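Predicted, not measured: the structure shown is a model, and the values here were computed from it.
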2 protein chains.
Amino acid sequence: MSRPSAKTASPAKAAATKKTMRAGLSQAGPEMTKVDLDFLPSTIGYFLRRLQQAYKEHFLASTPGLDMAPKDVSALFVVARNAGISPSQFGSALGIDGAMASLQLAALERRGLLKREKSVIDGRSRIITLTQQGATMITKLRRTVASVDAQFTDGLDEKERAVLLGLLARLLAAHAGDLVMKGSARR
Amino acid sequence: MSRPSAKTASPAKAAATKKTMRAGLSQAGPEMTKVDLDFLPSTIGYFLRRLQQAYKEHFLASTPGLDMAPKDVSALFVVARNAGISPSQFGSALGIDGAMASLQLAALERRGLLKREKSVIDGRSRIITLTQQGATMITKLRRTVASVDAQFTDGLDEKERAVLLGLLARLLAAHAGDLVMKGSARR
DNA sequence: TATTGTTATACTCTATAACTATA
DNA sequence: TATAGTTATAGAGTATAACAATA
C-alpha cells in the first residue's frame, strides 16, 4: 500500500495507488486449515493492534489522492478548533512529545496547511493557525472523515457504535496521561 | 521509551529502561486550558490510534526486561498453538504478508525462540516450531500477558470488558481480510 | 511457469539528544 | 538557570521488488 508522505510533501503524486498483485502469500483460500490464535482473541491488545492496522488501510483506501494519514487529519482538526494553539498544547492534546509535535507541524506547514508564528507575548512560544488552504481542506475533511469512519463500523448498529465509543473513551481517559508523562516530569 | 528490538537480538541489554526526564513538553498542568478535539472523540479511528499507542507503552512498562513487543508475543502464541505451521499460514493468521512474516520469524529464530525447517512433503514450504526455550517463554508469557492485558482494562468491569471484546471482534472480522487480500490476488 | 519463502532496498516513523532562542 | 521549540541522528518498522528454491 502506498503510504501518505506528509514529510516529503508530494502534493501531486496523488492517485498513484500502485497495486502489486503479489507479495509472497497466496493461500487464505476457503480450504485452509483454521489457525488457532490461542487466547489472543480474549485480549484487548490483540484487537487494538489488528484494528488500527485495518483502520489505516481502510482510511487510505477510502481517500485516494488525499495523501494524509489519520494522524495528520487529527492534527488539522485540533488546529482548526484551537486557533493560536502552541506546539506544546498541541502535542499534549494528542499524546505526543515536543519533538514529534514539531515534526508533524513542520510537515503540515510544508504542505501549506498551517503556519507557525512567533508569539509576541512570549518569544519562545509559537502561534499555530490554519492557512486558507488548510481551512478549505478541513471543510472537505469533516465530511470525508465522518463518512469513512462510520463506514468502518458498518457492521454495528447505532447503539452498538455508541457503546463501543463510550468504552474506548473510558479506556483512553484512564491511560491518556501515560504518554505525555514521559516528558513532563520535572527534575 | 526504550523499544524492543527483536531484530538486532539483544538478549542482554534487558533492564536498561532509560528514563529521560525531559522531552520538550512541560505543561499538562492542572491549569492548562482544555483543548477542543472537535469531533475526533466521536470517531473510532481516533481511539484506536491513541489506545494502541497507550497499550504498547503499558505493555512495555509492565514487562521490564522482556524486550518483546505485543506483536512478538502474538507471534509466539500462534506458533505455540500451531506447531508445524508454515510462514504463509502464520502471516495470514496475523494479517501480515510473506515478507513481513519472514522478517518477524527470522527475528524470533535469532533469539532462539523458534526454528524453521524445510518441509519434506513440499520443499518450498517451511515447518515452524518452538524451541525448548520458546516453549519455556510461552509458559511465562501466558500468565504475564493475561495479567498485563487485564490491567489495561482496569476501569471496566467484567461485563463491560466482554462487551468491548465482542464489539472489537466483530469489527476485526469485518476487516480482517482486507490486509492479506493485498498479496493474495492471483495475476 | 507458478508458488513458497527469503533477502535487499528504500523510505517512513519514532525516540533521543543536542541545539537555539527566549525568559 | 529554566523553558519552548526545533533540528539531527540513529534505530526500528514497513512496503516493495528482486531473488532463490522447489513444484
Side-chain angles (χ1 to χ4, degrees), chain A residues 1-8 10 17-27 29 49 53 56-57 60 69 71-72 85-92 95-107 109 116-128 179 182-184 186-187, chain B residues 1-10 17-27 29 53 56-57 60 67 69 71-72 86-92 95-107 109 116-128 179 182-184 186-187:
Chain A
M1 161 66 76
S2 68
R3 306 163 78 201
S5 55
K7 275 182 188 167
T8 44
S10 52
T17 308
K18 195 190 314 174
K19 276 186 192 171
T20 306
M21 283 296 112
R22 212 214 147 249
L25 283 179
S26 66
Q27 42 18 292
R49 185 161 41 81
Q53 192 184 11
K56 210 153 56 175
E57 286 282 333
L60 294 175
K71 170 188 18 171
D72 303 312
I85 193 176
S86 73
S88 304
Q89 295 173 309
F90 169 84
S92 173
I96 60 184
D97 70 19
M100 291 298 299
S102 267
L103 289 174
Q104 202 180 346
L105 291 169
E109 190 171 44
R116 294 175 289 181
E117 297 165 305
K118 181 184 281 193
S119 166
V120 289
I121 297 169
D122 183 338
R124 295 172 300 182
S125 193
R126 296 289 180 273
I127 299 296
I128 310 169
L179 291 166
K182 282 197 303 178
S184 64
R186 265 85 167 180
R187 252 173 310 193
Chain B
M1 159 66 76
S2 70
R3 306 163 78 199
S5 55
K7 274 180 188 167
T8 46
S10 53
T17 309
K18 195 188 314 174
K19 274 183 192 173
T20 307
M21 283 296 112
R22 211 210 149 254
L25 282 179
S26 64
Q27 39 22 289
Q53 192 183 10
K56 210 156 49 175
E57 285 284 333
L60 294 175
D67 197 37
K71 171 189 15 170
D72 303 311
S86 73
S88 304
Q89 294 172 309
F90 169 85
S92 173
I96 60 183
D97 69 20
M100 292 297 299
S102 266
L103 290 175
Q104 204 181 343
L105 290 169
E109 189 171 45
R116 294 175 290 181
E117 298 165 303
K118 182 184 280 193
S119 166
V120 289
I121 297 169
D122 184 338
R124 295 170 302 181
S125 192
R126 296 290 180 273
I127 300 295
I128 309 169
L179 292 165
K182 282 197 303 178
S184 63
R186 266 83 169 184
R187 250 173 313 191

Taking only residues two or more places apart in sequence, or in another chain, which ones meet A:Lys118 in a side chain to side chain contact (heavy atoms under 4.5 Å, CB included)? A:Arg126
Starting the side chain at C-beta, find the nucleotide from [options] nearest to [X].
X        : options               : value
A:Ser102 : D:dT7, C:dT14, C:dT16 : D:dT7
B:Pro87  : D:dT14, C:dT6, C:dA15 : C:dT6
A:Met100 : C:dT14, D:dT14, C:dT7 : C:dT14
B:Leu103 : C:dA15, C:dT14, C:dT7 : C:dT7
A:Arg116 : D:dT14, D:dT6, D:dT7  : D:dT6

Tell me: [atom1] of [X] to [atom2] of [N], nearest whole Å?
X        : N      : atom1 : atom2 : answer
A:Gln53  : D:dA15 : CD    : C1'   : 12 Å
A:Glu117 : C:dA21 : CD    : P     : 19 Å
B:Asp97  : C:dT3  : CG    : P     : 17 Å
B:Asp67  : D:dG11 : CG    : P     : 15 Å
A:Ile96  : C:dT16 : CD1   : P     : 15 Å

Give the minimum heavy-atom separation between B:Ala101 and B:Pro87, together with the two atoms involved.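 Closest approach of B:Ala101 to B:Pro87, heavy atoms only: CB-O, 4.0 Å.
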Between the protein and nucleotides 21-23 of chain D, which nitrogen or oxygen pairs are less than 3.5 angstrom apart?
from: D:dT22; atom 1: OP1; to: B:Lys118; atom 2: NZ; distance (Å): 2.2
from: D:dT22; atom 1: O3'; to: B:Gly123; atom 2: N; distance (Å): 3.3
from: D:dA23; atom 1: OP1; to: B:Gly123; atom 2: N; distance (Å): 2.7

Rounded to the nearest 0.5 Å, how far does CD1 of A:Ile96 lie from CG of A:Leu105? 7.0 Å
Starting at CE of B:Met100, measure out to NZ of B:Lys71 and round the result to the nearest 0.5 Å. 6.0 Å
Classify A:Ser125 by what it touches in the nucleic acid, base, sugar-phosphate, or nothing, heavy-atom distance under 4.0 Å.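 It contacts sugar-phosphate atoms only.
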Considering only heavy atoms from C-beta outward, does the side chain of A:Glu109 approach that of A:Ile128 to under 4.5 Å?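 Not touching, per the 4.5 Å side-chain cut-off.
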Check whether any side-chain nitrogen or oxygen of A:Lys71 sits under 4.0 Å from OP1 or OP2 of C:dT14, and answer yes or no.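 So the side-chain polar atoms of A:Lys71 do come within 4.0 Å of the phosphate oxygens OP1 or OP2 of C:dT14, strictly under.
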